[in-house]
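Since the structure comes first, as structure tokens, the remarks are kept for the end.
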There are 2 protein chains.
Amino acid sequence: MSNTRVLPLLEPESDVAACCPPLDERPLSAREAESAARMFKALGDPVRLRLFSLVASHAGGEACVCDISDVGVSQPTVSHHLKKLKEAGLLSSERRGTWVYYRVEPSVLAAMGALLAGAAKTV
Amino acid sequence: MSNTRVLPLLEPESDVAACCPPLDERPLSAREAESAARMFKALGDPVRLRLFSLVASHAGGEACVCDISDVGVSQPTVSHHLKKLKEAGLLSSERRGTWVYYRVEPSVLAAMGALLAGAAKTV
DNA sequence: CACCTGCATCGATGGACGTCAACATAGACA
DNA sequence: TGTCTATGTTGACGTCCATCGATGCAGGTG
């Protein structure tokens, strides 16, 4: 455990992780919605969702770009989408020698899960 | 065991509720990603997210369109976004007399929560 | 040094999307 | 019937976005 490392969250661009209450608790403010929508939007593209799932499900929690080649789009497009996922705070990247490795950013995922967990209980 | 046989995925338009395994279980197929991305995409707009949160947090789990007027966009735009949320399977609507009421579709939310719950555990 | 490979960036293009005003439709009421 | 109110629909417009080929850059290998 001890995995709950809280991000600094200083930049207004990436106030992404601890932004919002459960969706059914109260109406989101414009600011909250803006920040949360960025995360959902990042996963709102089929290619990005496959890329993200590919990284998330890969052994060790990280994947090299070289492992990704069968998503049906060109290499520049893959790079473009990985960048988008990184900008949304969902992935982080690290270059090790020749290859670049991407890994899932757990805190942001937890935030999205919290948003939905509330609304899912709404029956 | 209990290999969680998934649904037949009948309608290509609304295979939305029980589409996908947790994001970190295995790479999503193109079909799965397509279906799941539709849901995320629907929440990927700030206005739609506010509308959805507004309905989800409203008393009784439903809200009349007349309750919604302060999202910062015109009425036709509100109607447009509500339609999008409905097409994505996140909301359902019902006309009762003069007013139209929208409510949250719980199964779809549960599906999205399941997708993320898996990936959130990924540390 | 030169050469090759893995990945990012650039510039262009076609399509999708958010937004609005104008109009259409449906129900309530007189 | 007619009129008013509440929503949905249409058409248009501007912007964003996914995609690609070409190119650039970094790191390994000879």
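Atom pair Lys83(B):NZ and dG18(C):P shows a separation of 13 Å (rounding to whole Å applied). Protein atom NZ of Lys41(B) is 11 Å distant from nucleotide atom C1' of dG15(C), rounded to whole Å. Taking atom CD1 of residue Ile68(A) and atom C1' of nucleotide dC7(C), one finds them 11 Å apart after rounding to whole Å. Atom C1' of nucleotide dG8(D) and atom NZ of Lys86(B) are separated by 9 Å, given to the nearest angstrom. Atom OH of Tyr101(A) is separated from atom C1' of dG6(C) by 11 Å (rounded to the nearest Å). Here the C1' atom of nucleotide dA8(C) and the NE2 atom of His81(A) are 15 Å apart, to the nearest Å. If you take CD of Glu94(A) and P of dA26(D), they are 18 Å apart, rounded to a whole angstrom. Atoms CD (Gln75(A)) and P (dT5(C)) sit 14 Å apart, rounded to a whole Å.
Residues Gly97(A) and His80(A) both approach DNA chain D. Their nearest nucleotides, taken by heavy-atom distance, put His80(A) toward the 5′ side. Residue order along DNA chain C, read from the 5' end via each residue's closest nucleotide, puts Cys64(A) first among Cys64(A) and Gly72(B).
Hydrophobic cluster membership is shared by Val65(B) and Phe52(B), with clusters built from Ile, Leu, Val, Met, Phe, Trp and Tyr side chains linked at under 4.5 angstrom. At a threshold of 4.5 Å between side-chain heavy atoms, the hydrophobic network of Ile, Leu, Val, Met, Phe, Trp and Tyr places Tyr101(B) and Val104(B) in two separate groups.
With distances taken from any side-chain atom of Thr77(A) to the nucleotides dC20(D), dT9(C), dT7(D), the minimum falls on dC20(D). The listed nucleotides are dA18(D), dC20(D), dC20(C); the one nearest the side chain of Val73(A) is dC20(D). In this structure, of dC16(D), dG27(D), dA8(C), it is dG27(D) that holds the atom nearest to the side chain of Arg95(A). Comparing dG21(D), dT7(D), dC17(C) by their closest approach to the side chain of Val65(B) singles out dT7(D). The side chain of Lys84(B) has dC17(C) as its nearest neighbour among dA8(C), dG27(D), dC17(C).
Rounded to the nearest 0.5 angstrom, Ser53(B) OG and Glu25(A) CD are separated by 9.0 Å. To the nearest 0.5 Å, atom NE2 of residue His81(A) and atom CD1 of residue Ile68(A) are 12.0 Å apart. Atoms NZ and CG, from Lys84(A) and Leu51(A) in turn, are 12.5 Å apart once rounded to the nearest 0.5 Å. Here Leu82(A) contributes atom CG and Leu90(A) contributes atom CG; the two are 11.5 Å apart, rounded to the nearest 0.5 Å.
Contact annotation: Ser74(B) side-chain N/O to dC20(C) OP1/OP2 distance is under 4.0 Å. When the side-chain nitrogen and oxygen atoms of Tyr102(A) are compared with OP1 and OP2 of dA8(C), one or more of them lie within a distance under 4.0 Å. Distances shorter than 4.0 Å separate some side-chain N or O of Trp99(B) from OP1 or OP2 on dT7(D).
Ala42(B) and Arg48(B) get closest at one heavy-atom pair: O-NE, 2.7 Å.
Using a 4.5 Å heavy-atom threshold, the side chains of Leu49(B) and Leu23(A) count as touching.
Within residues 43-51 of chain B, no residue has a heavy atom under 4.0 Å from DNA chain D.
Among the atoms of the strands shown, only primed sugar atoms or phosphate atoms (P, OP1, OP2) are found under 4.0 Å from some heavy atom of Thr98(B).
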